[in-house]
Amino acid sequence: MTTTIQTVRDIALENPAAVRVFEKYGLDYCCGGRVPLSEACAAKDVNVDDVIASLEAAIAPSSPVLKDWTKESLASLTAYIVNTHHAYVKREVPRLTELAGKVVNRHGDTRLELSAIQAKLAELGEELIAHQGKEEVVLFPYIGKLERFVSGSGNKPRDCFGTIAHPIAMMTKDHEIAGSLMAEIRDLSRDYTPPDGACPTFRAFYEGLHEFELDLHQHIHLENNILFPRAIVLESSGV
Ligand SMILES: [Fe+2]
Ligand SMILES: [Fe+2]
């Protein structure tokens, strides 16, 4: 039973299906999810009873069950993040960049927000690709080795960062930057609403940006709220 005093983040952790409800109402469950549901709803001017009703419907036994990543190995979670969310970013950034170029060329002189969105998207894409690279090359392999060591099937991994909390703090900061850029794109596009009579390319661009935001929130949720806290506990259990 969900209550209004539970934090948005904890509800999302207990019930993976809840993230779809939070997306629907524009409630932040990743970087800003450490506030009670009632407070998050008030800040967004959303009726908390409506959200509770939607949450209860979404987590009903008949709903499709999403994988509970709090119980899987960290190696399988990082593999899932790389194959699903990182692959999506690598695929979508060039596609959205191309669409941005097209809509700016055709409509940029009358829709001044488009060139601002194009610039924010370029910044976001560059940030995310660099960030994912650090996770794939340094942090995720280290977590995998640490997990094998703690389970007794490998040597203690060598690190160059003292404690895993340091790179995790850097990654969390990157997530905040990416989340802010995404929020600016949402504002500039008026919640991804194309103007009346917009051409199919314009619509596809805004739809693509909206999907990109949904994926980014789920991606950051898996890392900030599940992977990183579990990796910190794992490190302390292996000392
Ligand atoms: Fe990631
Ligand atoms: Fe990340």
Side-chain angles (χ1 to χ4, degrees), residues 7-10 12-13 16 18-20 22-23 27-35 66-97 120-148 157 159-186 208-236:
T7 66
V8 178
R9 172 183 178 275
D10 286 346
L13 282 175
V19 303
R20 292 175 196 275
F22 293 145
E23 293 291 354
L27 301 173
D28 182 0
Y29 57 90
C30 48
C31 291
R34 291 173 191 269
V35 294
L66 298 175
K67 198 159 198 162
D68 182 356
W69 287 108
T70 63
K71 296 186 173 62
E72 301 293 325
S73 73
L74 294 187
S76 56
L77 174 53
T78 54
Y80 173 78
I81 289 170
V82 170
N83 295 330
T84 307
H85 296 296
H86 289 196
Y88 174 82
V89 168
K90 286 175 197 159
R91 202 168 60 236
E92 277 296 282
V93 166
R95 190 183 79 87
L96 290 172
T97 301
K120 293 289 170 196
L121 176 65
E123 203 181 331
L124 176 63
E126 210 170 292
E127 281 280 341
L128 282 174
I129 299 290
H131 168 83
Q132 294 187 167
K134 288 181 263 180
E135 288 178 338
E136 290 175 25
V137 173
V138 181
L139 185 58
F140 290 2
Y142 181 77
I143 290 173
K145 286 179 195 156
L146 191 62
E147 188 170 53
R148 285 197 293 282
D159 70 75
C160 54
F161 33 69
T163 159
I164 201 167
H166 292 147
I168 283 177
M170 287 169 58
M171 296 300 107
T172 306
K173 182 75 191 152
D174 286 352
H175 292 165
E176 284 169 15
I177 293 167
S180 300
L181 286 166
M182 199 74 243
E184 287 180 72
I185 291 173
R186 174 183 269 277
L209 289 172
H210 194 183
E211 273 174 26
F212 195 82
E213 182 190 65
L214 298 180
D215 186 84
L216 184 67
H217 288 170
Q218 292 181 3
H219 179 180
I220 292 177
H221 167 65
L222 289 177
E223 292 176 359
N224 277 16
N225 296 336
I226 301 177
L227 177 65
F228 295 167
R230 287 186 62 195
I232 287 170
V233 169
L234 188 69
E235 183 187 59
S236 61

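Numbering of ligands and ligand atoms starts at 1, following listing order.
Considering just the N/O/S atoms of E135, the one nearest the Fe ion (ligand 1) carries the name OE1. Within E223, the N, O or S atom lying nearest to the Fe ion (ligand 2) carries the name OE1.
Between L216 and A178, the closest heavy-atom pair is CD2-O, 4.2 Å. Of all non-hydrogen atoms in A231 and L146, the two that sit nearest each other are O-CD2, 4.2 Å. The minimum heavy-atom distance linking E235 with G162 is given by the pair OE2-O, 4.5 Å. The two atoms that bring I185 and L209 nearest to each other are CG2-CD1, 3.9 Å, heavy atoms only.
Coordination check, H131 versus the Fe ion (ligand 1): failed, since every N/O/S atom of the residue sits at 2.8 Å or beyond. In summary, an N, O or S atom of H86 is located under 2.8 Å from the Fe ion (ligand 1). Among the backbone and side-chain atoms of H175, an N/O/S atom is found under 2.8 Å from the Fe ion (ligand 2).
Using a cut-off of 4.0 Å between Lys/Arg side-chain N and Asp/Glu carboxylate O, E92 and R95 are scored as salt-bridged.
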